[in-house]
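Contents: one structure, followed by commentary.
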Amino acid sequence: MSTAAPAGRRSLPCVIPDTPLAAAVPGIETCVHCGLCLQTCPKYVNLEDENDSPRGRIVLMRSLVDGQLPLDDASVQTHIDRCLGCRACETACPSGVPYGQLLEATRATLRTVRPTPFLGRVILGVFARAKALRVMLVMSRIARATRLPSLFSSIGGRLGFASAMLASTRVSLPEQDYDFGMPGERGVVALLNGCVMSGLFARTNRATRRTLRANDYRIRGAPGQACCGALHAHAGDLDGARMLARQNIEAFERSGADFIGVNAAGCGAMMKEYGHLLADDPEWAARAAQVSARVRDVTELLAAAGPRPGAPLPIRVTYDAPCHLVHAQRVTLPPLAVLRAIPELTLLPLTDAEQCCGAAGIYNLLEPNTSNAVLAPKLRQIASTGADWVATGNPGCLMQIGAGLRRAHARAHAIHPVDLLDVSYASVLRKPIADT
Ligand code: SF4
Ligand code: SF4
């Protein structure tokens with residue numbers, strides 16, 4: 001069945017005024033229906049249905065605005081739900097269609113007639129409440145320490161995959177403080193702790209601090225910070241995302257730092273869009289834009305400093321580009337610069353490294369079958385490189401790819417690029433580092 005209206009039709013009056021989707025009409029109208037985005041879309045390549053392509057979804061959005069399709073049309077909901085939000089279509093689009101913003105506006109509008117599924121509501125509710133989130137992450141770490149997730153990794157369904165995701169966050173790399181004795185004059189960085197990063201990738205957060213210090217940055221805390229709000233925005237809960245964004249803007253303004261360093265691509269992409277998220281809020285718009293302008297992925301900061309070379313690590317590594325780094329932030333070379341700062345590291349090219357792995361926030365938990373269909377070719381491409389490590393800078397991708405590798409009994413492990421640089425630096429100098 002095809003629900004997409006023909007391209008190039010005449011515009012009709014908007015029947016859903018005062019909705020996020022109505023406000024997104026200028027973005028919808030930048031689409032010229034050329035179709036250059038189609039082959040970059042993992043869902044279109046997978047399903048070969050125009051309604052599951054970026055172009056088809058934009059036509060559906062227009063049909064909702066025009067009233068040619070009602071907001072409660074089940075087919076529209078399905079096609080919008082299936083989108084991974086990977087934004088590969090944005091990179092391919094010659095017209096500059098802000099697809100990610102259109103998707104968020106559509107999901108926010110559809111939520112008015114159909115609430116987020118129960119599992120999604122529970123996850124978003126936990127991420128919006130600092131205490132509940134802390135409890136969940138502590139329980140996750142306790143569960144991880146029992147090794148039960150490893151045992152359950154191979155069973156089918158959501159439980160098996162979620163167990164494999166949790167088990168994959170257990171990284172056994174050597175850890176050692178070091179001090180290169182530099183004064184820290186490249187700038188002051190306040191780091192986003194990140195919910196999942198601080199809860200399950202604490203080693204990577206420590207590695208982020210150490211590698212930035214080693215490259216002449218001074219680190220400063222930003223107490224009072226919260227979840228970045230990315231999961232909420234992607235699920236259409238724009239009010240929830242705005243509430244969290246305001247909290248972070250206050251915390252990072254107070255820090256007075258030159259840069260806001262982020263080691264999770266999805267969080268960095270969200271924070272770089274706070275200006276857009278709060279553009280219609282007179283009290284917060286300018287502050288949001290100023291905070292967004294200071295956000296940098298950790299690899300951008302490191303690459304701006306070189307980064308300084310470490311000690312040789314004779315390992316075989318391939319790099320998978322997180323969608324929210326390459327497509328949303330357009331950061332392509334800095335992660336490679338980080339890996340190339342490690343002498344004797346063999347960097348193996350990964351075919352379709354810029355294609356989504358299927359994690360997409362909480363998509364892999366809400367839509368496990370389609371998520372696995374997107375992950376399968378990624379795992380095949382990784383296996384064909386012969387790499388021992390897959391470097392990628394986003395917790396969702398680390399867990400999705402890590403779980404897939406674990407369930408496939410593959411030789412490779414997923415790792416953040418900064419962890420590898422950190423091990424390389426620790427091999428050069430082994431002197432305790434002083435807190436700045
Ligand atoms: S490439 Fe851009 S303009 Fe062309 S169909 Fe896709 S979204 Fe529309
Ligand atoms: S965001 Fe990704 S999955 Fe969604 S339409 Fe664009 S390319 Fe396809």
Side-chain angles (χ1 to χ4, degrees), residues 2-9 11 21 24-65 75-108 110 230-231 233-236 265-266 269-270 273 276 320-330 352-364 366-378 394 396-397 400:
S2 174
T3 53
R9 66 178 182 203
S11 286
L21 189 51
V25 165
I28 292 174
E29 288 181 338
T30 55
C31 177
V32 295
H33 309 286
C34 63
L36 290 174
C37 52
L38 298 193
Q39 291 304 321
T40 66
C41 174
K43 289 316 301 171
Y44 178 72
V45 169
N46 182 232
L47 299 172
E48 294 188 339
D49 181 343
E50 173 74 14
N51 293 297
D52 283 302
S53 75
R55 181 175 63 184
R57 290 195 186 92
I58 290 168
V59 172
L60 294 175
M61 293 169 194
R62 182 76 237 191
S63 300
L64 295 173
V65 173
S75 174
V76 173
Q77 301 265 7
T78 299
H79 297 304
I80 295 298
D81 280 352
R82 279 190 191 147
C83 176
L84 292 150
C86 69
R87 297 171 65 174
C89 47
E90 269 191 44
T91 303
C93 178
S95 297
V97 172
Y99 183 85
Q101 293 172 7
L102 300 187
L103 180 67
E104 287 175 2
T106 306
R107 286 185 169 155
L110 293 179
L231 294 181
H234 300 334
M270 181 75 251
E273 293 186 3
H276 169 76
D320 187 63
C323 296
H324 283 88
L325 197 55
V326 65
H327 300 305
Q329 299 186 51
R330 308 289 166 100
D352 294 333
E354 298 183 357
Q355 281 270 5
C356 184
C357 65
I362 55 175
Y363 186 98
N364 52 1
L366 300 181
E367 304 271 347
N369 294 336
T370 42
S371 171
N372 279 333
V374 175
L375 176 62
K378 178 72 72 186
N394 189 52
C397 310
Q400 170 87 348

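Note that this is a predicted model, so its numbers are computed, not measured. Numbering of ligands and ligand atoms starts at 1, following listing order.
Residue, atom and distance of the protein heavy atom nearest to atom 5 (S) of ligand 2 are Arg57 NH1, 3.0 Å. Protein heavy atom at the shortest distance from atom 3 (S) of ligand 2 is Leu84 N, 3.4 Å. Closest to atom 2 (Fe) of ligand 2, if we only count protein heavy atoms, is Cys86 SG, 2.3 Å. In terms of protein heavy-atom proximity, atom 4 (Fe) of ligand 2 is closest to Cys83 SG, 2.3 Å. Closest to atom 8 (Fe) of ligand 2 among all protein heavy atoms lies Cys41 SG, 2.3 Å.
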side-chain contact (heavy atoms from CB on, under 4.5 Å), that's the test. Do Cys31 and Arg62 meet it? Break it down for me. CA-CA 11 Å; Cys31 177; Arg62 182 76 237 191; over 6 Å; no
Go through Leu110 and Asp81 one step at a time and tell me if the side-chain contact (heavy atoms from CB on, under 4.5 Å) criterion holds. CA-CA 10 Å; Leu110 293 179; Asp81 280 352; 6.0 Å; no
Test side-chain contact (heavy atoms from CB on, under 4.5 Å) on Asp49 and Lys43; report intermediate values, then the result. CA-CA 9 Å; Asp49 181 343; Lys43 289 316 301 171; over 6 Å; no
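Under a 4.0 Å criterion applied to the non-hydrogen atoms of Arg87, ligand 2 contributes the atoms 1 (S), 2 (Fe). Ligand 2 places these atoms under 4.0 Å from at least one heavy atom of Gly85: 1 (S), 4 (Fe). Counting the atoms of ligand 1 from 1 in the order shown, those under 4.0 Å from a heavy atom of Pro94 are 1 (S).
Residues passing the side-chain hydrogen bond (donor to acceptor under 3.5 Å, both in side chains) test with Arg87, sequence neighbours excluded: Glu90, Glu273.
The set of protein atoms (N, O or S) found at less than 2.8 Å from atom 6 (Fe) of ligand 1 reads Cys37 SG, by chain and number.
Nearest approach of Pro94 to Leu36, heavy atoms of both residues: CG-CD1, 3.6 Å. The two residues Ala269 and Gln329 have their closest heavy-atom pair at N-NE2, 3.1 Å. Pairing each heavy atom of Leu84 with each of Pro42, the nearest pair is CD1-CG, 3.5 Å.
Considering only heavy atoms from C-beta on, Leu60 comes within 4.5 Å of His79 through its side chain. Side-chain atoms of Arg57 and Tyr99, non-hydrogen and from C-beta on, do get closer than 4.5 Å to each other.
With hydrogens and angles left out, the side-chain atoms of Glu354 and Thr91 include no donor and acceptor closer than 3.5 Å.
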